[in-house]
Amino acid sequence: MFRFILSPRTWRKLSVAFAVTVLMMGLLPGAHADWAEGDPLPGLETFGLEGALPALEGKVVLVDFWASWCGPCRKSFPAFSTLHESYSDRGLVILAVSVDDKREAMETFLESRTPPFAVVRDAKSTCVADAGIEAMPTSFLVDREGIIRFTHAGYHGEQTDAALKREIELLLKED
Amino acid sequence: MRRLRERGARERRNLLAAASGVCVVVLVLPLCGAGCANVKPWEKDILSDYTMRPDRDSLSDTMYEHVYFTREAATGGRGVGGGGCGCN
């Protein structure tokens, strides 16, 4: 179409250069790692989380990313407390990772609930960014070998509760 | 021969102009997107604040509704489908 301006050969060179530039720009944001089912859970101690991490080795672990400003996250806490009471003696560890910017907001919420499971804060959002979650809350269920087996994006009440219960029982039965 | 040389020079000028154009586009396009923000799910703290809700002040809503009714001789139609045509 624009042969009168440049020769086809030159247009081809320009097209290749433009395509390479666009490709490189597209690759830039894809540098972070998303946690996926089948992948090992990264070492959480490397993210500088505020609060004491429980011992996770050999346990079935439920890692839940939540925030005090997130309505479904608040609704999920009673259900997680029930799961903790039902399965903690069989080897379930629940780790709630708060992504609250303000520590006071998290503490005010926790004062009214006092969860029986471990809560830490991802103050710099490094852990949640590495997980690459797409919804709040998102929970990852990890087996005794440290492999992420199930992921739940969002909290959908009884539907999520039933799925978590079924999956936790499955993982607890595995050696 | 001379015609060929002129053609080569013209081609080089055009190539330079096209390359400059591509560079300008590549540099300016990201600037156009500077007003956009990709908010991650864990960054929606402020967006989920009560003050961001359009229906946070019921008195204000009532007043706006009154003005709207006075001006348009119609009421309602907020947050629901349809434009008053009665077809929904």
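This structure is a prediction, so every number in the text was calculated from the model and none was measured.
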Per-residue contact mode, A/Ala67 against chain B (heavy atom under 4.5 angstrom): neither
Within 6.0 angstrom of B/Arg71 CZ, more than 12 heavy atoms from elsewhere: yes
Neighbour count >12 (heavy atoms, 6.0 Å) for atom CD, A/Glu134: no
Gap separating the NZ atom of B/Lys40 from the CE atom of A/Met136, nearest 0.5 angstrom: 14.0 Å
Over 12 foreign heavy atoms within 6.0 Å of CG, A/Leu170: yes
Heavy-atom closest pair, residues A/Ala135 and B/Pro41: N-CG, 3.8 Å
Nearest-0.5 Å distance that lies between atom SG in A/Cys70 and atom NZ in B/Lys44: 10.5 Å
B/Glu6 atom CD: more than 12 heavy-atom contacts under 6.0 Å: yes
Among the listed options A/Asp122, A/Asp101, A/Asp100, A/Ile133, the residue most often paired with chain B at heavy-atom distances under 4.5 Å: A/Ile133
Crowding at CD, A/Glu57 (>12 non-hydrogen neighbours, <6.0 Å): no
Non-hydrogen atoms of A/Trp69 and B/Trp42 that approach each other most closely: CZ2-O, 3.7 Å
